[in-house]
Chemist: 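Okay, handing you the structure first.
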Amino acid sequence: MEYSFRDIEKKWQQNWKETGIYQVDNNSSKPKYYVLDMFPYPSGAGLHVGHPLGYIASDIYSRFKRLKGFNVLHPMGYDAFGLPAEQYAIEHGIHPAVSTARNIDTFRKQLDNIGFCYDWSREVRTSDPAYYKWTQWIFLQLFKSYYNRTAAKAMPITELVKEFEQSGNQSHPCPGDESIQFDAAGWGSYSPARQQEILMHYRLAFCGYGEVNWCEALGTVLANDEVVNGVSERGGYPVVKKKLRQWYLRITEYADRLLQGLETIEFSDAMKEMQGNWIGKSSGAEISFALADTNASLMVYTTRPDTIFGVDFMVVAPEHELIEKITTPEQRQEVEAYITYVKSRSERERQAEKKISGAFTGAYALNPFNGRKIPVWISEYVLAGYGTGAIMAVPCGDERDFRFAQHFSIPVTNIIGEAFNGNEANPTKDAVLSNSGFLDGMVMRNAIETAINRLEEMGIGKRKVNYKMRDAAFSRQRYWGEPFPIQWKDGTAIPLDETELPLLLPEVDSYSPGPEGEGPLANIPEWVAKELETNTMPGYAGSSWYFLRYMDPHNNETFCSRKASDYWNQVDLYIGGTEHAVGHLLYSRLWTKILFDLGHIGFEEPFRKLLNQGMIQGSSRFVYRVRNTKKYVSAGLAAQYETDKLHVDVNMVDGVELDTEAFRKWRNGEFAEAEFVLEDGKYICGVEVEKMSKSKFNTVNPDMLVEKFGADTFRMYEMFLGPVDQSKPWDTKGIEGVHRFIKKLWRLFFDETKGKIWTEEKATPEELKILHKAIKKTEDDTERFSFNTAVSGFMICVNELSDLKCNKREILEPLLILLASYAPHVSEELWHQLGNEGSVLDASYPAFIAEHVAESAKEYPVSINGKVRTSISISLSAGENEVQELVLANETVQKWLEGKPLKKFIFVKGRMINVVI
RNA sequence: GCCCUGGUGGUGGAACUGGUAGACACGCAGGACUUAAAAUCCUGUUCGCCGCAACGCGAGUGCGGGUUCGAUUCCCGCCUGGGGCACCA
């Protein structure tokens with residue numbers, strides 16, 4: 001009987017579907033375990049082999065946990081709102097809901113092919129009104145809440161109003177605008193509109209104004225990656241900054257808790273570091289510098305107030321509102337020209353720019369301690385959004401400031417004596433200060449406190465903890481997203497009543513942007529007549545809480561019952577790519593904390609453990625066309641010609657050898673007349689590792705591989721490729737090795753001519769040793785997500801059993817259970833062939849028995865001066881003295897000793913021996 | 001520019017806590033079976049040197065240093081691939 005994987009896999013996939021074997025109950029006496037994949041955006045291109053990597057890993061782990069006796073929740077769904085569908089709609093006139101549904105169908109078929117154990121009865125789609133009803137509902141909770149800094153948690157805004165009525169905002173400084181201060185009487189005297197305006201500065205979801213990339217020609221707002229060198233990627237039109245009304249989430253209030261929470265969860269150190277850097281907590285001081293010849297002052301933020309005597313100039317962000325006021329008439333033209341230049345620059349470009357640029361405003365600030373006049377410059381390297389948007393520049397201590405000073409010939413004051421060599425800045429905190437007035441003679445590190453204290457005494461500065469993180473922009477001028485349940489009445493945002501949810505996304509005739517940078521919803525007269533918000537929510541709205549909906553996906557009463565979330569609790573294992581390191585992971589951590597604060601769930605971190613999957617890169621293939629001809633030369637000969645390098649579809653290339661016939665037929669015969677210059681009768685392609693993408697013709701479709709080798713082979717091969725958390729290029733070639741392994745396993749059970757060949761004979765110690773080695777390896781490796789070495793463990797096991805011609809049920813049956821999480825179809829089939837009833841997934845995991853693998857002796861490697869020269873088999877019970885005696889008596893060791901005295905004898909039990917002479 | 005991460009044979013990778021570098025697989029070479037092919041099986045395969053052979057010598061984990069009896073693993077400096085940087089998801 002042959003291993004006919006197509007029949008077997010189809011049969012069991014059908015059976016699993018019919019028996020509902022993967023449906024999970026919220027009631028169980030077993031311990032719970034929640035395994036979650038980052039859900040995909042269903043793109044039109046379908047799955048390529050990179051997508052399932054994490055899904056296979058999570059599938060293996062879910063099945064493994066189930067075998068280990070857990071009630072495992074393992075759901076899947078779709079992050080179904082997004083820009084590509086909208087772009088497709090603009091180009092093809094197809095409603096995003098239609099194309100998205102079609103894409104989801106494709107995804108689902110592809111996923112089903114691979115034999116995943118998802119509980120599809122819990123599927124969610126963020127674009128489904130039954131789902132986004134609750135996204136809108138949660139938004140309303142954020143809108144109706146504020147962050148109580150005293151209690152360090154979110155609370156209903158109605159509580160805040162009560163406080164205001166009783167005692168004003170004395171104990172609740174306004175996070176949105178610190179200048180807003182009032183007492184109870186003051187609050188009472190404000191108009192309702194003014195009161196709402198003030199409350200907006202407290203809400204966790206609030207409306208404000210922010211800059212966006214505005215492209216006049218396209219009439220739309222662009223994402224950063226749609227802007228290249230100041231022009232739109234599509235069309236190359238100019239892009240400028242434009243201020244628009246935007247919704248925000250007040251994530252900055254949670255900065256500290258998001259930072260502290262990292263200590264309670266198992267994310268990799270790299271991931272925690274990235275989130276920490278994003279939050280960017282720093283402490284220092286805000287200092288107000290008086291400006292000469294005007295009564296205005298300039299507020300700067302610095303982490304190094306100790307260097308205040310070394311300030312040689314100020315740098316203000318070109319967007320800073322003070323510039324208008326302080327620029328002198330002589331400098332105005334230069335400053336305005338510079339601001340125009342900066343308007344076309346993205347933040348990224350501004351930070352990455354090596355070329356120094358700036359403009360002098362003509363204004364001077366005054367050093368509060370010695371009255372020195374400090375010129376005020378503007379430059380793109382200072383960003384408006386961070387700190388106060390202005391810095392005090394200390395060129396002797398900061399490299400960027402130093403280069404700026406050199407470039408504009410600004411004299412540099414040295415306040416650290418010999419620690420500054422005049423050629424480069426020295427950012428030390430350990431130098432002794434000089435030229436620094438009352439700080440002279442102090443070590444910088446200690447002077448920080450002294451300087452802050454003095455500034456506070458003088459009333460011109462104060463201690464300040466700062467965060468690089470900004471409030472999260474939460475609106476998009478787009479169509480395909482959740483509508484905000486907000487109405488605008490005379491400039492005041494009124495939340496819809498919860499009974500009016502979901503606020504359905506209306507049909508539109510055109511997906512083009514609305515007037516004045518508004519989204520497409522602004523084109524709908526009825527929508528505008530109802531004064532509804534025309535922005536929609538961003539992609540991360542739906543994905544910030546989806547892990548909760550899976551727990552209770554069909555609940556119409558609430559987003560997720562407290563009973564369900566108390567039972568399933570945190571996600572125990574979350575698998576996804578590092579590209580979400582900050583965005584998605586930080587936002588869902590925020591939402592979880594807010595829902596926790598408001599009492600809707602009982603835990604404040606969504607993901608207990610995070611496993612990052614690496615990217616599968618494409619291995620691109622190239623042909624070399626001799627310029628202006630139809631002649632293609634093989635890679636080895638390309639250097640002899642002037643050629644253009646063209647991507648070719650990797651599916652037409654076997655290894656590096658091009659299928660020239662397929663190439664001639666490719667793309668409707670575009671290359672039909674190609675002539676080839678071969679080497680050794682072959683056309684050899686060039687190779688490069690790049691991102692896997694349709695445009696590079698290097699995508700490999702899993703369907704094709706499943707069709708050719710079966711899902712079990714495909715799953716195991718994806719794992720075998722390398723560590724799951726590392727990026728690696730895809731190479732289809734190696735898949736045959738894994739396929740051979742499964743066929744070899746099959747032959748332990750079936751012979752082509754004889755049929756069933758397994759026996760009921762008793763296993764030998766040698767066979768038991770092989771089995772128990774495999775049990776240990778599979779368990780350890782799976783537990784530490786080392787799936788690639790687990791697969792090689794299976795190969796070793798099957799190779800060894802084949803060598804011994806072992807066909808005994810006593811060995812083979814437990815082996816199938818081990819294999820069931822990696823290759824579920826073939827394991828299920830053989831499990832039933834052996835006569836078992838019920839799924840192999842409900843078998844009990846074989847127990848590892850150490851005695852079966854115990855060794856009595858070890859072949860020790862013996863090194864002389866660290867170089868291995870021989871090996872000696874020694875009993876594991878032997879002590880060091882005994883070992884030394886044996887080793888020194890050894891012939892090879894004697895030869896190397898040449899009678900020289902022994903300096904040192906190193907013996908690591910069970911490991912190695914080193915003889916030092 | 002800033003932050004994170006990787007670099008080991010022809011290829012993917014293994015070596016888990018400083019202890020035999022190259023497990024397992026691909027590819028390649030040779031062989032067996034076969035009319036032939038497929039499938040399967042066996043042998044070899046880091047590089048260099050001597051060679052009949054060796055369980056003979058030397059080098060070797062991106063590059064250059066260092067710590068150690070011993071370094072792919074730890075430290076310092078460099079080179080280089082990948083990811084992220086707030087409206088792609």
Side-chain angles (χ1 to χ4, degrees), chain A residues 2 38 40-41 43 79 81-84 87 212-213 220-227 246 268-271 273-274 276-278 280 347-354 381 385 400 468-473 475-478 538-540 543 577-584 586 612 614-615 617 619 655 689-691 717 720-723 725-738 740-741 743-744 747 752 780-781 784 786 788-789 791-796 799 802 859-863 865-871 892 903-906 908 910-917:
Chain A
E2 267 200 352
M38 288 183 186
Y41 173 77
S43 79
D79 188 11
F81 277 131
L83 210 46
Q87 193 55 39
V212 294
N213 298 314
T220 187
V221 176
L222 298 176
N224 275 337
D225 64 336
E226 293 176 303
V227 184
Q246 302 281 2
S268 69
D269 288 344
M271 193 62 53
E273 216 169 315
M274 276 190 265
N277 290 338
W278 177 274
E347 260 188 33
R348 183 102 43 96
E349 285 169 331
R350 285 170 59 172
Q351 287 173 74
E353 184 60 67
K354 284 184 191 161
Y381 80 86
R400 225 165 18 170
K468 204 173 342 174
M469 181 166 68
R470 307 197 287 264
D471 282 328
S475 49
R476 303 291 182 257
Q477 290 68 45
R478 305 283 183 187
Y540 68 84
S543 62
T578 46
E579 65 272 25
H580 300 287
V582 279
H584 160 62
L586 214 50
N612 286 118
M615 280 220 323
Q617 294 151 323
S619 185
V689 173
E690 304 177 288
K691 208 170 192 161
Y717 182 58
F720 188 60
L721 218 49
D725 58 351
Q726 257 171 47
S727 294
K728 56 239 157 191
W730 178 264
D731 176 18
T732 300
K733 274 252 156 182
I735 197 168
E736 286 177 35
V738 176
R740 271 177 215 144
F741 153 76
K743 284 197 283 190
K744 200 164 176 179
R747 286 199 305 273
E752 262 180 66
D780 288 357
D781 287 357
R784 67 188 174 100
S786 179
N788 57 326
T789 54
V791 173
S792 84
F794 282 122
M795 289 173 170
I796 292 168
N799 286 347
S802 298
E859 185 82 10
Y860 278 97
V862 179
S863 303
N865 285 341
K867 277 194 168 53
V868 180
R869 296 300 181 184
T870 186
S871 62
T892 317
K903 262 199 205 142
K904 205 168 182 180
F905 186 82
I906 289 158
V908 183
R911 287 281 185 190
M912 47 67 69
I913 292 157
N914 190 11
V915 180
V916 187
I917 51 177

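In what follows, chains carry the letters A, B, and so on, assigned in the order in which the sequence lines appear, proteins first and then strands, with residues in each chain numbered from 1.
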Chemist: Could you state the atom-to-atom distance from CE of A/Met271 to P of B/rG84 in whole Å?
Modeler: 12 Å

Chemist: Side chain of A/Asp79: nearest nucleotide among B/rG13, B/rA89, B/rC87?
Modeler: B/rA89

Chemist: Can you tell me the base-pairing partner of B/rU40? Count Watson-Crick or G-U wobble geometry only, both distances below 3.5 Å, and say none if there is no partner.
Modeler: B/rA32

Chemist: Scan side-chain atoms only and decide if A/Gln617 and A/Ser727 contain a donor-acceptor pair under the 3.5 Å cut-off.
Modeler: no

Chemist: Measure from the side chain of A/Arg740, starting at C-beta and using heavy atoms only, and say which of B/rA14, B/rU40, B/rG19 lies closest.
Modeler: B/rU40

Chemist: Using the P atom as the point on both nucleotides, what is the distance between B/rC47 and B/rA23, in whole Å?
Modeler: 13 Å

Chemist: Round to the nearest Å and state the distance from A/Glu579 atom CD to B/rG83 atom P.
Modeler: 10 Å

Chemist: Nearest to the side chain of A/Met274, heavy atoms from C-beta on, is which of B/rC87, B/rG1, B/rC3?
Modeler: B/rC3

Chemist: Roughly how far apart, to the nearest Å, are B/rU46 and B/rG9 at atom C1'?
Modeler: 5 Å

Chemist: Could you work out the separation of B/rG27 and B/rG18 based on their P atoms and round it to a whole Å?
Modeler: 36 Å

Chemist: Have a look at A/Met38 and say if it touches a base, only the backbone sugar-phosphate, or nothing, with a 4.0 Å heavy-atom cut-off.
Modeler: nothing

Chemist: With both distances kept under 3.5 Å, what pairs with B/rA21, Watson-Crick or G-U wobble?
Modeler: none

Chemist: With rounding to the closest Å, how many angstrom separate the P atoms on B/rC85 and B/rC75?
Modeler: 29 Å

Chemist: Taking side chain as C-beta onward, heavy atoms only, is A/Thr578 less than 4.5 Å from A/Met271?
Modeler: yes

Chemist: With both distances under 3.5 angstrom, what nucleotide forms a Watson-Crick or G-U wobble pair with B/rC26?
Modeler: B/rG10

Chemist: In whole Å, measure the gap between the P atoms of B/rU20 and B/rC33 for me.
Modeler: 42 Å

Chemist: Side chains of A/Lys744 and A/Arg740, heavy atoms from C-beta outward: is any pair under 4.5 Å?
Modeler: no

Chemist: Using the P atom as the reference point in each nucleotide, state the distance between B/rC78 and B/rG19 in Å, no decimals.
Modeler: 28 Å

Chemist: What nucleotide, of B/rG19, B/rC24, B/rC87, holds the atom closest to the side chain of A/Phe720?
Modeler: B/rC24

Chemist: Distance check, P atoms only: B/rA15 and B/rU8, in whole angstrom units.
Modeler: 15 Å

Chemist: Among B/rG83, B/rA15, B/rU5, which nucleotide sits nearest the side chain of A/Ala270?
Modeler: B/rU5

Chemist: Going by a 90° cut-off around 0, is B/rG9 syn or anti?
Modeler: syn

Chemist: Measure CZ/A/Arg478 against P/B/rC88 and give the value in whole Å, please.
Modeler: 8 Å

Chemist: Ignoring hydrogens and geometry beyond distance, is the side chain of A/Gln351 in donor-acceptor contact with the base of B/rC85 at under 3.5 Å?
Modeler: no

Chemist: Atom CG of A/Asn914 and atom P of B/rG18: how far apart are they, to the nearest Å?
Modeler: 18 Å

Chemist: Think A/Lys903 has a side-chain N or O under 4.0 angstrom from the OP1 or OP2 of B/rC69?
Modeler: no

Chemist: Tell me the interatomic distance from A/Gln617, atom CD, to B/rG13, atom C1', rounded to whole angstroms.
Modeler: 14 Å

Chemist: Identify which nucleotide among B/rG13, B/rU20, B/rG1 has an atom closest to any side-chain atom of A/Arg348, counting heavy atoms from C-beta outward.
Modeler: B/rG1

Chemist: Taking OP1 and OP2 of B/rC41, is either one under 4.0 Å from a side-chain nitrogen or oxygen of A/Arg747?
Modeler: yes

Chemist: What nucleotide, of B/rU11, B/rU20, B/rG19, holds the atom closest to the side chain of A/Val908?
Modeler: B/rG19

Chemist: Between B/rA89, B/rA25, B/rC87, which nucleotide has the shortest distance from any of its atoms to the side chain of A/Arg476?
Modeler: B/rC87

Chemist: Return the nucleotide paired to B/rG1: Watson-Crick means purine N1 to pyrimidine N3 with N6-O4 or O6-N4, wobble means G-U with N1-O2 and O6-N3, both under 3.5 Å.
Modeler: B/rC85

Chemist: Say whether A/Thr789 and A/Asp781, considering side chains only, have a donor N or O and an acceptor N or O under 3.5 Å apart.
Modeler: yes

Chemist: Any idea which of B/rC3, B/rG83, B/rG13 is nearest the A/Thr578 side chain?
Modeler: B/rG83

Chemist: Counting only Watson-Crick or G-U wobble pairs whose two distances fall under 3.5 Å, which nucleotide matches B/rG48?
Modeler: B/rC57

Chemist: Just do the side-chain contact (heavy atoms from CB on, under 4.5 Å) check on A/Tyr717 and A/Thr732 with the steps written out, would you?
Modeler: CA-CA 9 Å; A/Tyr717 182 58; A/Thr732 300; 5.9 Å; no

Chemist: Quick one: A/Glu752 CD to B/rC41 C1', roughly how many Å, whole number?
Modeler: 13 Å

Chemist: Quick one: which of B/rC4, B/rA89, B/rU40 gets closest to the side chain of A/Glu273?
Modeler: B/rC4

Chemist: A/Val916 vs A/Phe905, test: side-chain contact (heavy atoms from CB on, under 4.5 Å). Steps then yes/no.
Modeler: CA-CA 6 Å; A/Val916 187; A/Phe905 186 82; over 6 Å; no

Chemist: Taking the same atom, P, in B/rG81 and in B/rC24, what whole-Å distance lies between them?
Modeler: 34 Å

Chemist: Would the base of B/rC3 count as contacting A/Asn277 through its side chain, where contact means a donor and an acceptor less than 3.5 Å apart?
Modeler: no

Chemist: Rounded to the nearest Å, what distance is computed from the CG atom of residue A/Leu586 to the C1' atom of nucleotide B/rC4?
Modeler: 15 Å

